[in-house]
Amino acid sequence: MLRVYNTLSRRLEVFSPLNPGTVLMYVCGPTVYDYTHVGHARTYVAFDVIKRYLRLKGYDVVHVQNITDIDDKIIRRSREEGRSWREVADEFTRDYLEVLEKLNIKVDLHPRVTEHISEIIEFIGLLLEKGYAYVAPSGSVYFDVDSYGDYGRLSGRLSKEEWGQEQEYVKEKKHPYDFALWKAAKPGEPWWESPWGPGRPGWHIECSVMATLYLGERFDIHGGGSDLIFPHHENERAQSEAALGVKPWVRYWLHTGMLTVEGQKMSKSLGNIVPLKDLFREWQPEVVRLWLATVHYRSVVNFSDASLHQAGRNYERLANAVQALQEVLRKEEYSFKLSDEGRKLLREMARLRRGFYEAMDEDFNVSKAFSYVYELTSIVFSRILEKPEAAVALRALALLEEFNKVLGVLDKFFSRAPPLPLDQLIELIVEVRKRLRKAREYELADWIREQLLKQGVRLYDRGEETVWRLL
RNA sequence: GCCGGGGUGGCCGAGAGGCUAAGGCGGCCGGCUGCAGACCGGCUUAUUCCCGGGUUCGAGUCCCGGCCCCGGCUCCA
């Protein structure tokens, strides 16, 4: 039985989706005004892990993650760089999609705000019609927070003094805590035609509109970074429940913990923002993903060289375990009777599998769950490879493949259909090197090892024998 | 100030009333070894879980009171 922490109730709740067997999930994606950084990745990987676990449990998950491609920061950047807002948005959208691909995150749908202007206008119209919004003299439309009645509960801000936002419009708003649904265009700004004059959507409305359009008027999981709880999600909740007349609009609000860099907040002023495109130059995407995937989604993650390094070691060990097992299956005859040790190992693996699911069921406790994965790799090296039995190796491999459904870092080892011609070429080179070593031609042998490493093939000599592993 | 989350071995991080407090990283020693790495074994590695009280037969785990850290509170994943 899966339990999740709901920000709205501030407690663990039994997870039970609207429609049994299906999970509708909306995650707040980026505003594309700059390169995607590790903080974004932290959130996207966390929700990808959640989605993958739900799928492993048998749910059909629909994952929508928006792209906000019009906003003040995009406009500012386009002015600074003398190009159109669309060029800016396109460039960073491309970067974002590349990052997701490298991190092995597959989102079902990435709706872009500017492709949904008419739906947004319609939604705002509905709010006006029902009396939850008003048009200001400038042509901007604001949400009337007082008309909603349940504002502040998500963020735990129950007094109006804590609601202040969008100070720049304070003179034309009824209350300082009202927020813009539609922003009237100022000279030189991009605009779309609307019943209230030329303008563009406010920041919060797009998520309400696109979530409703693609998931329906009610859905299961709404996620994002915990910095979005106020005002973004508070506002989404208010305008959606008001316009659609549903309650609760979202069943489970899930928020990820923030990322710090060497113990400090990541910010422009500290100059410590780490773009993924830079990080990938130093660490392979699988390592970055493993690092983020094995941290609990609600805790603060600290970016440091040591933590990436640890993930790198863990990745190598997992990759080695999988490949070593595959090698056993290539070489060992299938046995039709298991040894006592073999039967014991099967029982232990069943225990690890159970442990993994129990941990994940408790609000996606990945740290605990992955302790079982690492325990499995330890069993692989210390016991299974000691006295290999094909059936046991096969079981261990199947289990690793199952765990990888959530981890998502070992795909390339499982998607390979060995032996490929490439494998035979590598083996040929390894054999040549073996003969060189025998002839004590170490300089050349070491050179071959170096060159293969550059191609992503690492060699390990074990006495006379040499094994090779892909990175 | 307000709203959250925390303080467990050198580091990361499980454990949330009851067997000897997971797992990993790093370091050291040994095995293997032309070198490197990988892998194996051992040690570092917790009479102890920030401090002080309390509840209990029994508390990292629950309660009370402190101290400290991190994040959010204009825009932010």
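Naming: A, B, ... by sequence-line order, numbering from 1 per chain.
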The correct set of residues in residues 220-240 of chain A placing a heavy atom under 4.0 Å from RNA chain B is A:Gly224, A:Gly225, A:Asp227, A:Leu228, A:Pro231
List in chain and number order the residues that pass ring pair (Phe, Tyr, Trp, His ring centres under 6.0 Å) with A:Tyr26, two or more places apart in sequence or in another chain; answer none if no residue qualifies. A:His222
Of the listed nucleotides B:A36, B:A77, B:G71, the one nearest the side chain of A:Arg449: B:A36
Using atom C1' of each nucleotide, how far apart are B:G7 and B:G13 to the nearest Å? 13 Å
Can you tell me how far P in B:U74 sits from the matching atom in B:C2, rounded to whole Å? 16 Å
Sorted by chain and residue number, the ring pair (Phe, Tyr, Trp, His ring centres under 6.0 Å) partners of A:Tyr177 (sequence neighbours excluded) come out as A:Trp163, A:His175
Between B:C25 and B:C50, how far apart are the C1' atoms? Round to whole Å, please. 24 Å
Could you identify the nucleotide paired to B:G41, looking across every strand shown and requiring Watson-Crick or G-U wobble geometry with both distances under 3.5 Å? B:C29
Is the ring pair A:Tyr151/A:Phe230 parallel, tilted or perpendicular, if the boundaries are 30 and 60 degrees? perpendicular
Partner set under side chain to side chain donor-acceptor pair (under 3.5 Å) for A:Tyr315, not counting sequence neighbours: none
Nearest-angstrom distance, P atom, B:U61 to B:A21: 15 Å
Non-neighbouring partners of A:Asp90 that pass side chain to side chain contact (heavy atoms under 4.5 Å, CB included), sequence neighbours left out: A:Arg86, A:Arg94, A:Arg112
Checking N1-N3 plus N6-O4 or O6-N4 for Watson-Crick, or N1-O2 and O6-N3 for wobble, each under 3.5 Å, the partner of B:G18 is B:C57
Could you give the distance separating B:U44 and B:U56 at their C1' atoms, to the nearest angstrom? 36 Å
Assess whether one donor atom and one acceptor atom, taken from the side chain of A:Asp71 and the base of B:C75, lie less than 3.5 Å apart. no
Could you check whether the side chain of A:Asp446 and the base of B:G34 have a donor-acceptor pair of N or O atoms closer than 3.5 Å, going by distance alone? yes
Can A:Tyr442 be called stacked on B:G34 when the rule is centres closer than 5.5 Å and an angle between planes below 30°? yes
Angle class for the A:Tyr53/A:Tyr357 ring planes (parallel below 30°, perpendicular above 60°, tilted otherwise)? tilted
Does A:Glu386 reach a base, just sugar-phosphate, or nothing at all? Heavy atoms under 4.0 Å. nothing
Rounded to whole angstrom units, what separation is found between the CD1 atom of A:Ile105 and the P atom of B:A77? 15 Å
If the glycosidic angle is within 90 degrees of 0 it's syn, otherwise anti, so just tell me which one B:G60 is. syn
Over all strands shown, is A:Asp72 touching base, sugar-phosphate only, or nothing at heavy-atom distances under 4.0 angstrom? nothing
Tell me what A:Asn365 touches on the nucleic acid: a base, only sugar-phosphate, or nothing, going by heavy atoms under 4.0 Å. sugar-phosphate
Can you tell me the base-pairing partner of B:G65? Count Watson-Crick or G-U wobble geometry only, both distances below 3.5 Å, and say none if there is no partner. B:C51
A:Leu290 vs A:Leu318 side-chain heavy atoms within contact, under 4.5 Å: yes
Check the interface with nucleotides 4-8 of chain B: list each N/O to N/O pair with the protein under 3.5 Å, or write none.
{"unit_1": "B:G5", "atom_1": "OP1", "unit_2": "A:Tyr5", "atom_2": "OH", "d": "3.4"}

Proximal nucleotide (of B:C70, B:C2, B:A77) relative to the A:Thr43 side chain: B:A77
Parallel, tilted or perpendicular: which one describes the rings of A:His255 and A:His233, with boundaries at 30° and 60°? tilted
Would you mind pulling out the nucleotide paired to B:G1, Watson-Crick or G-U wobble, both distances under 3.5 Å? B:C73
Between B:G72 (C1') and A:Gln165 (CD): distance, integer Å: 15 Å
B:A14 and B:G23: how far apart are their P atoms, nearest whole angstrom? 15 Å
Taking side chain to side chain donor-acceptor pair (under 3.5 Å) as the definition, give me every residue that meets it alongside A:Ser208, ordered by chain and number, with sequence neighbours left out. A:Gln239, A:Ser240
In whole angstrom, give me the gap between the P atoms of B:U47 and B:C69. 27 Å
Regarding A:Arg433, tell me which of base, sugar-phosphate or nothing describes its non-hydrogen contacts under 4.0 Å with the strands shown. base
In whole angstrom, what separates A:Ile74's CD1 from B:C75's P? 15 Å
Just to be sure I understand the rule, does A:Thr256 reach a base, reach only the sugar-phosphate, or reach nothing, if contact means heavy atoms closer than 4.0 Å? nothing
Using atom CE of A:Met266 as one end and atom C1' of B:C70 as the other, report the distance to the nearest whole Å. 15 Å
Specify the separation, in whole Å, of atom CZ of A:Arg440 and atom P of B:C35. 10 Å
Non-neighbouring partners of A:Phe403 that pass ring pair (Phe, Tyr, Trp, His ring centres under 6.0 Å), sequence neighbours left out: A:Phe356
For nucleotides B:U55 and B:A59, find the distance between their P atoms and express it as a whole number of Å. 12 Å
Is any side-chain N of the basic residue among A:Arg351 and A:Glu375 closer than 4.0 Å to the acidic one's carboxylate O? yes
Considering only B:G72, B:G37, B:G34, which nucleotide approaches the side chain of A:Lys265 most closely? B:G72
Residue list, ring pair (Phe, Tyr, Trp, His ring centres under 6.0 Å) with A:Phe303, at least two apart or on another chain: A:Trp291
With sugar-phosphate taken as primed atoms, P, OP1 and OP2 and all else as base, the protein-contact string of nucleotides 19-32 of chain B at under 4.0 Å (heavy atoms; B, S, -) is ---BSBSS------
May I ask you to say what A:Leu259 touches in the nucleic acid, namely base, sugar-phosphate or nothing, with a heavy-atom cut-off under 4.0 Å? base
Once you round it to whole Å, what is the distance between C1' of B:C70 and CG of A:Asn302? 10 Å
Could you note down all residue pairs passing salt bridge (charged side-chain N to carboxylate O under 4.0 Å, His left out) where residues 37-50 of chain A supplies at least one of them, sequence neighbours left out? A:Asp48-A:Lys51, A:Asp48-A:Arg52, A:Asp48-A:Arg289
Check side chain to side chain contact (heavy atoms under 4.5 Å, CB included) between A:Lys331 and all other residues, then give those that pass, not counting sequence neighbours. A:Glu327
Look at A:Arg200 together with A:Asp71 and state whether they make a salt bridge at an N to O cut-off of under 4.0 Å. no
What contact category does A:Gln167 fall into here, base, sugar-phosphate, or nothing, at under 4.0 angstrom with non-hydrogen atoms? nothing
Mapping A:His204 and A:Leu459 to their closest nucleotides on RNA chain B, which lands nearer the 5' end? A:Leu459
Spacing of A:Glu362 atom CD relative to B:G15 atom P, expressed in whole Å: 8 Å
Nearest-Å distance, CD1 (A:Ile75) to C1' (B:C75)? 14 Å
